[in-house]
Amino acid sequence: MTESAWLACTDPHPMLMFLTGRVSDRKLRLFACGCCRRIWHLLTDEQSRKAVEVAERYAEGDLNDDDLNTACAAVGAASMYSLGCPAAAAEAAAEATWGHDAFGGPYHASLLTYNVSYAVGEAVSESIAQCDLLRDVNGNPFRPVAIAPSWLTPPVVAIARAAYEERALPRGELDLARLAILADALLDAGCPTQTILDHLRSPGPHVRGCWAVDLILDTSSN
């Protein structure tokens, strides 16, 4: 994988293979959850939707292994009693609760949501959207970006936290207007890093785990 390939890739699976050993379980799990939220309308049972929500909260450290295992068992049972697209969608939700090396949950969640989209004639757009999700969550691994603590003014941190806390559900995407305001607040605080500003102002999709928002919140907590 080269930088140009990463930026232009329309197949998420080579990207996932490249990320093996390079990113956290949290990043991979949130990508899997982002894939599942793209087919939320096909997660027709309560256990499937709950599994995605539990996986997100587990990724953020709000729930423990027992919570995750319970959700995994429940959605696994639910998938056995579904057929067609809802069954594949439920299996994708189950993958969000499973192991998260690149060949575990993320790979299978990606593949299953692609298969569901293929069944309804949206495979190409789904593949591209998943690549965009990976780039949103992981940024450009060939050009890591740093942030100066001096840019993390109280308004910047507050807006970043609100971006995660007030997502558009059930899609799970971050509000573009708020992210644009966050970019302006960073600029006012003295941030000259165009890569961060451009990403926050881009059309996305942006989801929980967005590398630019993570960078702000992770740095501000240290």
Side-chain angles (χ1 to χ4, degrees), residues 6 15-16 19 21-38 52-65 67-68 96-97 100-102 105-106 109 129-222:
W6 174 269
M15 299 172 74
L16 282 168
L19 291 173
R22 290 182 169 91
V23 297
S24 65
D25 176 276
R26 173 181 175 272
K27 289 284 190 182
L28 291 171
R29 195 177 297 276
L30 289 175
F31 164 72
C33 291
C35 289
C36 292
R37 284 194 175 277
R38 289 186 49 78
V52 177
E53 293 167 348
V54 167
E56 286 178 334
R57 294 182 62 194
Y58 178 86
E60 300 294 16
D62 296 329
L63 297 176
N64 60 32
D65 289 346
D67 298 316
L68 191 69
T97 67
H100 278 73
D101 59 83
Q130 288 186 14
C131 291
D132 289 339
L133 281 177
L134 279 172
R135 284 185 282 262
D136 177 61
V137 172
N138 296 284
N140 181 350
F142 297 90
R143 295 180 186 269
V145 177
I147 195 164
S150 61
W151 305 339
L152 303 180
T153 62
V156 166
V157 176
I159 297 167
R161 285 178 178 154
Y164 277 172
E165 293 168 359
E166 300 175 20
R167 296 177 295 162
L169 297 175
R171 191 74 165 185
E173 294 186 2
L174 309 186
D175 181 70
L176 295 180
R178 178 175 279 113
L179 293 182
I181 293 171
L182 177 57
D184 291 342
L186 273 171
L187 188 62
D188 291 344
C191 173
T193 308
Q194 203 62 42
T195 304
I196 299 175
L197 302 178
D198 287 348
H199 183 72
L200 290 171
R201 290 168 175 155
S202 71
H206 298 275
V207 295
R208 196 172 186 104
C210 168
W211 70 265
V213 179
D214 271 4
L215 192 58
I216 294 167
L217 296 179
D218 289 348
T219 306
S220 68
S221 66
N222 292 335

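Each residue takes its place number in the sequence, starting with 1.
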- request: Before giving the answer on salt bridge (Lys or Arg N to Asp or Glu O under 4.0 Å), spell out for E56 and R37 the whole-Å C-alpha distance, their side-chain angles and the decisive distance to 0.1 Å.
  value: CA-CA 11 Å; E56 286 178 334; R37 284 194 175 277; 2.8 Å; yes
query: Taking it one step at a time, do D214 and R26 satisfy salt bridge (Lys or Arg N to Asp or Glu O under 4.0 Å)?
result: CA-CA 11 Å; D214 271 4; R26 173 181 175 272; 2.6 Å; yes
message: Does V213 form a side chain to side chain contact (heavy atoms under 4.5 Å, CB included) with L179? I'd like the steps, not just the answer.
response: CA-CA 9 Å; V213 179; L179 293 182; 4.0 Å; yes
- request: Carefully, step by step, assess N140 and R135 under the rule side chain to side chain contact (heavy atoms under 4.5 Å, CB included).
  value: CA-CA 7 Å; N140 181 350; R135 284 185 282 262; over 6 Å; no
query: Step by step, would you call L174 with V207 a side chain to side chain contact (heavy atoms under 4.5 Å, CB included)?
result: CA-CA 6 Å; L174 309 186; V207 295; 5.6 Å; no
message: For V54 and T97: C-alpha separation, side-chain torsions, deciding distance, then whether side chain to side chain contact (heavy atoms under 4.5 Å, CB included) applies.
response: CA-CA 8 Å; V54 167; T97 67; 5.7 Å; no
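How far CG of L28 is from CZ of R22: 12.5 Å, rounded to the nearest 0.5 Å. The line from OH of Y164 to NE2 of H206 is 10.5 Å long, rounded to the nearest 0.5 Å. Note that SG of C131 is 8.5 Å distant from CG of L16, once rounded to the nearest 0.5 Å. A distance of 11.5 Å separates SG of C191 from CG of D184, quoted to the nearest 0.5 Å.
Looking only at distances, a side-chain donor or acceptor of K27 sits under 3.5 Å from a matching main-chain atom of V137.
In this structure, A59 and R29 approach most closely via the heavy-atom pair CB-CD, 4.0 Å. Counting all heavy atoms, side chain and backbone alike, A160 lies closest to L217 at CB-CD2, 3.8 Å. Between L176 and S202 the shortest heavy-atom distance is CD2-O, 3.8 Å. Of all the heavy atoms in A32 and A109, the pair that sits closest is CB-CB, 3.9 Å. The nearest pair of heavy atoms linking I196 to A146 is CD1-O, 4.2 Å. Across all non-hydrogen atoms, the minimal contact from L68 to A55 is CD1-CA, 4.0 Å.
Looking only at side-chain heavy atoms (C-beta outward), D136 and F31 stay at 4.5 Å or farther from each other. Contact annotation: the side chain of T219 approaches that of L152 to within less than 4.5 Å [non-hydrogen atoms, C-beta and beyond]. At a threshold of 4.5 Å between non-hydrogen side-chain atoms, the residues R143 and T195 do not count as touching. In this structure the side chain of W6 reaches within 4.5 angstrom of the side chain of L19, judged on heavy atoms. Contact check for L182 versus I216: side-chain heavy atoms found under the 4.5 Å cut-off. Between Q130 and L134 there is no side-chain heavy-atom pair separated by less than 4.5 Å. Side-chain contact check for T153 versus D188: every heavy-atom pair is 4.5 Å or farther apart.
Residues R201 and D198 are not paired through a salt bridge, judged by the lack of any N-O separation under 4.0 Å between the basic side chain and the carboxylate. Ionic pairing of E60 and R208 is present here: one or more N-O contacts between side-chain nitrogen and carboxylate oxygen are shorter than 4.0 angstrom. Using a cutoff of 4.0 Å between basic side-chain nitrogens and carboxylate oxygens, R167 and E173 are not scored as salt-bridged.
N64 and Y58 are not linked by any side-chain donor-acceptor pair at a separation below 3.5 angstrom, with hydrogens and angles left out of the test.
By the 30° and 60° cut-offs, the orientation of the rings of H199 relative to W211 is tilted.
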